[in-house]
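One structure is given below, encoded as structure tokens.
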Amino acid sequence: MIALGTGGIKPCVSSFRADQFDDTDPAERAKKGSYFKWFYFCINMGSFMSGTIIVWIQDNSGWGIGFAIPTISMALAIASFFAASDMYRFQKPGGSPLKRVCQVVVAAFPKRHAELPNDMSLLYEVDGQTSAIEGSRKLVHTNELGFLNRAAIVSSTDLKSASTDPWKLCTVTQVEELKILIRMFPIWATTIIFFAVYAQNSSLFVEQGMVLDKQVGSFNTPPASLSTFNVISVIIWVPLYDRILVPMARKFTGREKGFSELQRMGIGLVLSILAMVSAALVELKRLEIARSKGLIHEKADVPMSILWQIPQYFLVGAAEVFTVIGQLELFYDQGPDAMRSFCSAFAFLTGSMGSYVSSIILTLVSYITTQGGGPGWIPDNLNEGHLDRFFWLVAGISFVNLMVFIGCASRYRYKKAQ
């Protein structure tokens, strides 16, 4: 039920809230540039409170009160949402995005041998300022993916028809919608590896922490609790980025947002690689201490403080601020007007895809490295393994992914609306 609710809320609330800003107003457009950062900030504040205050209440006052607080909070949130409904700006739904995508492909296929006109203004488009798609601006024609342009060729059969069938003839705007999705797909695919790195935050980082010295003063630190530093990192980085880095970058780049969405995502991918490098270096040092203390064949904690993991958690949090927020903003701004919630949902899908990719990599590594009867890189006793090699492997995959991202980003063409 939580997954179902999250799938309904997250992509819709991010795009719906961004719709409240008027792109034609420079002041509101500038505020929208900050919105996605503070949206993500609020998500992580909620995570921080649930992982600290709510957990403390559950442990000390009972689970009933612990569950009652978020229940009441959610009820108040729903009441606030509906109470303010008269104030919202509503983006009119433009119909099914998947249906429009299929219509372009179906309309283009029978005309695959048709010649495109030399004058692209002869391609089909409705008259007037607005497009045939409800709530969408007209999009400017582009020459790439010429096969799809054939869906907008007006044939003699189309001329004889009394009405336009979108399964046989599509507008230029509808064709350009599909082109935008195709152009965004490589960028989307490269973020899957980022979330494979992020998945280590709640899996192998915790496993690594379980064989470190968890005693900090008089307090015994649960390894999973260190993920709080990831959330703290986001909470620190969002205002730092919005209030300091953006104004500084604006002076050098001349951009209203300081960095483009793709530049931010690239910075985040670099930080995610550094997070894996940091984890690998900690593991190298841990294994070195284990060897020096004769603990290699003992399933025992190594006398090395768990606090050495803080940098890798902190780097993952910083990477989130750049990559995830940049991704959300890119998919909203560059998505077709009538597909923004769809594109936002598509962006959130990379999180689950990354978790699956992480599981696949982990399974393959475990299978390959245990061939021949050896303990492998990630045995039950990590002192006998080489978890550092797994982190180096993920860092290497992330580096290759970064190169692919740079190649895709350098060729990416931003949409143009009339």
Neighbour count >12 (heavy atoms, 6.0 Å) for atom CG, N60:
yes
Taking the side chain from Q20 and the backbone from R89, do they hold a donor-acceptor pair closer than 3.5 Å?
yes
Rounding to 0.5 Å, atoms CG (N44) and OG1 (T228) come to a distance of 11.0 Å
With heavy-atom distances below 4.5 Å as the criterion, would you say the side chains of T323 and F195 are in contact?
no
Does the plane of the ring in F90 sit parallel, tilted or perpendicular to the ring in F16? Use 30° and 60° as the thresholds.
tilted
Enter the distance from I406:CD1 to N401:CG here, rounded to the nearest 0.5 Å.
10.0 Å
Indicate the atoms forming the closest heavy-atom contact of G407 with S410, along with that distance.
O-OG, 2.8 Å
Take L284 and W392 through the side chain to side chain contact (heavy atoms under 4.5 Å, CB included) test and state the conclusion after the steps.
CA-CA 11 Å; L284 278 172; W392 287 120; 4.0 Å; yes
Go through it in stages, so that I can follow the logic: the residues are L178 and V105, the test is side chain to side chain contact (heavy atoms under 4.5 Å, CB included), and I'd like the CA-CA distance, side-chain angles, deciding distance and then a yes or no.
CA-CA 9 Å; L178 178 53; V105 176; 4.0 Å; yes
Can you check whether F399 reaches M276 side chain to side chain, under 4.5 Å on heavy atoms?
no
Any chance CZ of F346 has more than 12 other-residue heavy atoms, nucleotides or ligands included, within less than 6.0 Å?
yes
So does M210 have more than 12 non-hydrogen atoms from other groups sitting under 6.0 Å from CE?
no
Within the side chain of D301, is there an N or O that forms a donor-acceptor pair under 3.5 Å with the backbone of K214?
no
Between T171 and V175, is any pair of side-chain heavy atoms under 4.5 Å apart?
no
Ignoring hydrogens and angles, tell me if any N or O in the side chain of K179 forms a donor-acceptor pair with the backbone of E144 under 3.5 Å.
yes
Side-chain H-bond candidate by donor/acceptor type, Y40 with E320, under 3.5 Å
yes
Taking all non-hydrogen atoms of both residues into account, name the closest pair between V206 and N201 and its distance.
CG2-O, 4.0 Å
Contact between V277 and L281 at the side-chain level, heavy atoms closer than 4.5 Å - yes or no?
yes
Report yes if some heavy atom in the side chain of F348 is under 4.5 Å from a heavy atom in the side chain of T6; otherwise report no.
no
Taking the six-membered ring for Trp and the full ring for Phe, Tyr or His, determine whether the centres of Y88 and F81 are under 6.0 Å apart.
yes
Specify the closest pair of heavy atoms between E298 and G294, including all atoms of both residues, with the distance to one decimal.
OE2-O, 3.8 Å
For the OG1 atom of T190 and the CE atom of M265, what is their distance to the nearest 0.5 Å?
5.5 Å
Point-to-point distance, once rounded to the nearest 0.5 Å, from CD1 of I273 to OG of S278:
13.5 Å
Restricting to non-hydrogen atoms, name the atom on I296 and the atom on N381 that form the minimum distance, rounded to 0.1 Å.
O-ND2, 3.4 Å
Does any part of the side chain of E283, heavy atoms only, come nearer than 4.5 Å to the side chain of L204, both counted from C-beta?
no
Measuring from atom OG of S121 to atom NE2 of H141, what distance do you get when rounded to the nearest 0.5 angstrom?
10.0 Å
Look at the aromatic rings of F194 and Y198 and report parallel, tilted or perpendicular, splitting at 30° and 60°.
parallel
More than 12 heavy atoms of other groups within 6.0 Å of Y414 OH:
yes
Using every non-hydrogen atom in the two residues, find where S15 and C12 come nearest and quote the distance to one decimal.
OG-O, 3.3 Å
Decide yes or no on side chain to side chain contact (heavy atoms under 4.5 Å, CB included) for N383 and R286, but give the supporting numbers first.
CA-CA 9 Å; N383 292 339; R286 192 191 70 80; 2.6 Å; yes
What I'd like to find out is whether the side chain of Y241 reaches to under 4.5 Å of the side chain of F41, using heavy atoms alone.
no
Atom pair CD/OG of Q327 and S344 - distance to nearest 0.5 Å
9.5 Å
Do S61 side-chain atoms and Q58 backbone N/O form a donor-acceptor pair below 3.5 Å?
no
Decide whether a cation-pi geometry holds between R264 and F322; the criteria are a distance under 6.0 Å from NZ or CZ to the six-membered ring centre and an angle within 45° of the ring axis.
no
Using a strict 4.0 Å threshold on nitrogen-to-oxygen distance, state whether E288 and R291 make a salt bridge.
no
Any donor-acceptor pair under 3.5 Å linking the side chain of S233 with the backbone of A318?
yes
Show your working on side chain to side chain contact (heavy atoms under 4.5 Å, CB included) between Y124 and C170 and close with a plain yes or no.
CA-CA 7 Å; Y124 177 64; C170 301; over 6 Å; no
Could you tell me whether the side chain of K111 and the main chain of A152 form a donor-acceptor pair under 3.5 Å?
no
Using every non-hydrogen atom in the two residues, find where T142 and N149 come nearest and quote the distance to one decimal.
O-ND2, 3.6 Å
Can you confirm whether the side chains of Q200 and Q312 place a donor and an acceptor under 3.5 Å from each other?
no
Donor-acceptor under 3.5 Å (T191 side chain, W188 main chain)
yes
Is a donor on one side and an acceptor on the other found under 3.5 Å between the side chain of R100 and the backbone of Q174?
no
Keeping the roles fixed (side chain from E177, backbone from V101), state whether a donor-acceptor pair exists under 3.5 Å.
no
May I ask you to decide if A108's main-chain N or O and R150's side chain share a donor-acceptor pair within less than 3.5 Å?
no
Please examine the side chains of M45 and I235, heavy atoms only from C-beta on, and report whether any two atoms are closer than 4.5 Å.
yes
Determine whether more than 12 heavy atoms belonging to other residues, nucleotides or ligands lie under 6.0 Å from atom CG of L76.
yes
Counting only heavy atoms from other residues, nucleotides and ligands, does the tally under 6.0 Å from CZ of F109 exceed 12?
no
